[in-house]
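To start, the structure under review is shown below, and the notes come after it.
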Amino acid sequence: MSNEKDTNDPTADDPDEPPHGGVDDSSPAGNGEEAARGDPEPDDDPTSGPGVDEDPVADSGEESAADPDDADEPWDDGVVVDEGDGFEDTEVVGGGPDEDRNGETAGPADDGGIDELGSSVEVEGAEIDEDPEEDDLLGGLNIDTTAELEIPDRLVDQVIGQEHARDVIIKAAKQRRHVMMIGSPGTGKSMLAKAMSELLPKEELQDVLVYHNPEDGNKPKVRTVPAGKGDQIVEAHREEARKRNQMRSLLMWIIIAVVLGYALIIVGQILVGIIAAGVVYLVFRYLNRGSDAMIPNLLVNNGDTKTAPFRDATGAHAGALLGDVRHDPFQSGGMETPSHDRVEAGAIHKANKGVLFIDEINTLDIRSQQHLMTAIQEGEFSITGQSERSSGAMVQTEPVPTDFVMIAAGNLDAMENMHPALRSRIKGYGYEVYMEDTIEDTPEMRRKYVRFIAQEVAKDGRLPEFSAEAVEEIILEAKRRSGRKGHLTLKMRNLGGMVRVAGDIARGEDADVTTRDHVLQAKGRSRSIEQQLADDYIERRKDYELQVSDGYVAGRVNGLAVMGEDSGIMLPVMAEVTPTQGGGQVIATGQLKEMAEESVQNVSAIIKKFSDENISEKDIHIQFIQTGQQGVDGDSASITVATAVISALENVGVDQSLAMTGSLSVRGDVLPVGGVTHKIEAAAKAGCDRVIIPAANEQDVMIEDEYEEMIEIIPVSHISEVLDIALEGEAEKDSLVSRLKSITGSALKDGNVSGPSNPSPQ
């Protein structure tokens, strides 16, 4: 909200006092009425608040109803800013929301076609094929390098893929609404927040001044003026203080000379004269300090700001977010620093009339979230010392304007530790947005991905332009990283990292253009820590023969898992059946987490129904080999566990050249899982010849060309198919499969077994 006059005007309650700083209720920048608290409605005047006349302090040329002899009144100190000294150059909003800072009409509705931003890709000297081939990775763009593409000036034009979030930001900017964006890291949350500051309706920015309060030094007074005038007011006060100090110094030396002359010539007591001169000197020095205290503190300076402020308060401590008052070790004896000089603005005050962005909102402590909620609701927030042991804790200013638009962001877990009342404020006066991880692969999106690469090159400023072949390779990587058939990843930060690595390689070779070969090298060099660890694990297991890739072994199956988000690893599972010592049970080891433990229980249901023997007299031991401290999360090893246990129960060997991944229902259906592409590549690296995956994941497979010849991919829909492929011996295998089909046959009668549309994370 705009800063209301009657909360910040120390003379508002006294009709005999002049409006502080020459505030005129008839000014077009203020209506002289109490504004409503909370978020403004679309038709609210965003510039309502105190204006100032041309004289930034009380106009000494007019008579005031106040006592002219009252030198302690900070608003009536006789300081006048010269009208001809740079005032004409100050850009000030004229009359309200329909005028920008240069006096040109630009209201919230005048957005320059904002709804069409980012809807097309402009190409200089090249044509776009309106009906491109399906395998045209450039989406019909006919270019040689990314240098031919035009880069949009506005950030909102540069946003790729997050169309829903972009539309919400545009609407929120028009109506000054708060926004909370939840999604994976690197999907464009901070970029959209910065874009919003460019889209906010142009308003009158303000400078905030803090004055000494002669009645109570611990309660400094606050005043707002149009942006650019704060510096002039402070400089005028300094100049006036300098002139006063010069006059006092001259008077002091005259008095000292008279005292010394009188003591020496008339009285003849030079010692008394020196003592008297010292007293006079100390008195004048103390008076000079009182004069310096009249100089205001420029708390928020928007003199050079041409657009709405943007403040990133991610991870800010309480003082940086809410403002603070510095500690003063000298608090008495005339050596103290005036309290108003020790006041520091917080991000919420610097973001006034602009955007306050807080990422990982759940990491903000509850007390700060409560104060932030107050600042949002009231539109103003007083500054006090944040440390109870500091002298600043005794200081509390008048309310300082906090009329900002808040954008909170975080991952999916951000909502767990977020103050419910703060979230309610955002939701009640704004929007909640989920940031997508992937987007449908269309020719238009492919063209935007080409422009994204051009944007990254332009932002870096040191990378060679990318050739068309290099761009195609990056778009292929975007398809792979999406993990879904017919989609592209929207984790643009990671993709941009590979662009920069490829460009660095090209620059290191003094190449004029970044080529496909440079991108292929970058894919190897920009591997994540998880990918590097996975490759290292595979090599170590080969050295120590922990990995078996040929022959048949009973009770041992090569499972597959993912590490992080973009790397796969072989995860062998072993099972053993032993006589029980007190009631049969299933025992699983290997740092299993909750979802993995539940999947083992689901598998045990099938085992109990499958076995002809009384397994209540047996213990089934399941071991996940070398899972490490990270353990096993997710249910993608379900078919691996089931195959290993059935193999151990029946003492039938499992093909060790085969790896598998898939979730399993209690009826034996094989359900889809995540990370299937990376798991297949891990199996190929480990030397496996075949890999079993859920049939529902077949459309998600996008392995590198080098692995296509190395491994055969076998999609399955039921555990009986898994056993038919994995177990050795035709007679034994046929008997087991037939028995399993007979007990789970109802799930196979219609021949159409499908799993959930959203695969699990593992």
Side-chain angles (χ1 to χ4, degrees), residues 1-3 37-40 46 49 155-156 165 168-169 171-182 188-203 205-208 224 227 299-302 305 307-324 344-383 386 399-410 414 418-419 421-433:
M1 294 297 293
S2 299
N3 188 32
R37 299 302 188 191
D39 274 41
L155 280 176
V156 73
V168 167
I169 287 293
K171 293 175 183 176
K174 286 182 178 180
Q175 306 295 343
R176 292 187 61 81
R177 304 298 189 197
H178 306 299
V179 180
M180 182 166 72
M181 294 185 288
I182 299 297
K189 297 187 289 291
S190 60
M191 186 176 182
L192 282 168
K194 290 179 181 177
M196 189 176 191
S197 65
E198 298 178 355
L199 302 176
L200 280 176
K202 296 177 175 61
E203 298 188 39
L205 299 182
Q206 297 174 327
D207 290 344
V208 180
T224 59
L299 191 66
V300 178
N301 185 2
N302 284 317
T305 305
T307 60
F310 174 82
R311 297 291 173 180
D312 188 345
T314 301
H317 58 78
L321 177 66
L322 306 171
D324 204 351
E344 299 286 348
I348 61 174
H349 308 106
K350 295 177 182 178
N352 184 42
K353 303 296 184 183
V355 175
L356 178 70
F357 175 63
I358 304 179
D359 201 359
E360 304 299 337
I361 184 70
N362 57 311
T363 62
L364 206 62
D365 66 81
I366 295 298
R367 178 175 172 271
S368 294
Q369 292 188 46
Q370 290 173 330
H371 289 318
L372 184 60
M373 178 176 58
T374 301
I376 290 174
Q377 182 172 350
E378 300 297 332
E380 57 186 15
F381 192 82
S382 299
I383 300 177
Q386 295 298 323
V400 180
T402 56
D403 180 20
F404 56 80
V405 173
M406 178 176 170
I407 297 186
M418 186 176 178
H419 197 295
L422 176 59
R423 184 181 177 191
S424 176
R425 291 291 190 280
I426 297 174
K427 189 174 182 179
Y429 297 99
Y431 301 89
E432 290 187 340
V433 181

* Asked: Are Leu200 and Arg176 close enough, and set up right, to give a side-chain contact (heavy atoms from CB on, under 4.5 Å), and what steps lead you there?
  -> CA-CA 7 Å; Leu200 280 176; Arg176 292 187 61 81; 4.1 Å; yes

* Pair Gln369-Met418, side-chain contact (heavy atoms from CB on, under 4.5 Å): steps then yes or no -> CA-CA 8 Å; Gln369 292 188 46; Met418 186 176 178; 3.9 Å; yes

* List the steps and the verdict of side-chain contact (heavy atoms from CB on, under 4.5 Å) for Leu364 and Leu422. => CA-CA 12 Å; Leu364 206 62; Leu422 176 59; 5.7 Å; no

* Going through the distances and angles, do Met181 and Ile407 end up as a side-chain contact (heavy atoms from CB on, under 4.5 Å)? -> CA-CA 7 Å; Met181 294 185 288; Ile407 297 186; 3.4 Å; yes

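Here the OG1 atom belonging to Thr402 is positioned 8.5 Å from the CD1 atom belonging to Ile376, to the nearest 0.5 angstrom. In this structure, Leu199 CG and Ile169 CD1 are separated by 8.5 Å, a value rounded to the nearest 0.5 Å. The structure places NE2 of His349 at 11.0 Å from CG of Leu356, a figure rounded to the nearest 0.5 Å. Taking CD1 of Ile348 as the reference point, atom CG of Leu322 lies at 5.0 Å (rounded to 0.5 Å). Atom CG of Asn362 is separated from atom CD1 of Ile182 by 8.0 Å, given to the nearest 0.5 angstrom.
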Residues 188-197 side chain polar contacts: donor-acceptor under 3.5 Å, at least two apart:
unit_1: Lys189; atom_1: NZ; unit_2: Gly183; atom_2: O; d: 3.3
unit_1: Lys189; atom_1: NZ; unit_2: Ser184; atom_2: O; d: 3.0
unit_1: Ser197; atom_1: OG; unit_2: Lys194; atom_2: O; d: 2.6

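Side-chain contact between Arg367 and Gln386 is present, with at least one heavy-atom pair separated by less than 4.5 Å. Residues Pro399 and Glu378 have side chains not in contact (no heavy-atom distance under 4.5 Å, counting atoms from C-beta outward). Looking at Arg311 and Phe404, their side chains never come closer than 4.5 Å, going by heavy atoms from C-beta outward.
Here the closest non-hydrogen pair linking Gly323 and Ile383 is C-CG2, 3.8 Å. Here the closest heavy-atom approach between residue Leu205 and residue Lys353 is recorded as CD2-CB, 3.7 Å. The minimum heavy-atom distance linking Ala351 with Pro309 is given by the pair CA-CB, 4.4 Å.
A donor-acceptor distance shorter than 3.5 angstrom exists from the side chain of Asp207 to the backbone of Asn302, with no hydrogens or angles considered. No donor-acceptor distance shorter than 3.5 angstrom exists from the side chain of Asp359 to the backbone of Thr314, with no hydrogens or angles considered. Judged by distance alone, the side chain of His178 and the main-chain N or O of Met406 form a donor-acceptor pair under 3.5 Å. A distance-only check finds a donor-acceptor pair linking the side chain of Asn352 to the backbone of Asp403 [under 3.5 Å].
The stretch residues 351-373 participates, sequence neighbours left out, in these ring pair (Phe, Tyr, Trp, His ring centres under 6.0 Å) pairs: His371-Phe381.
Residues that satisfy the salt bridge (Lys or Arg N to Asp or Glu O under 4.0 Å) test with Glu432, not counting sequence neighbours, are Arg423.
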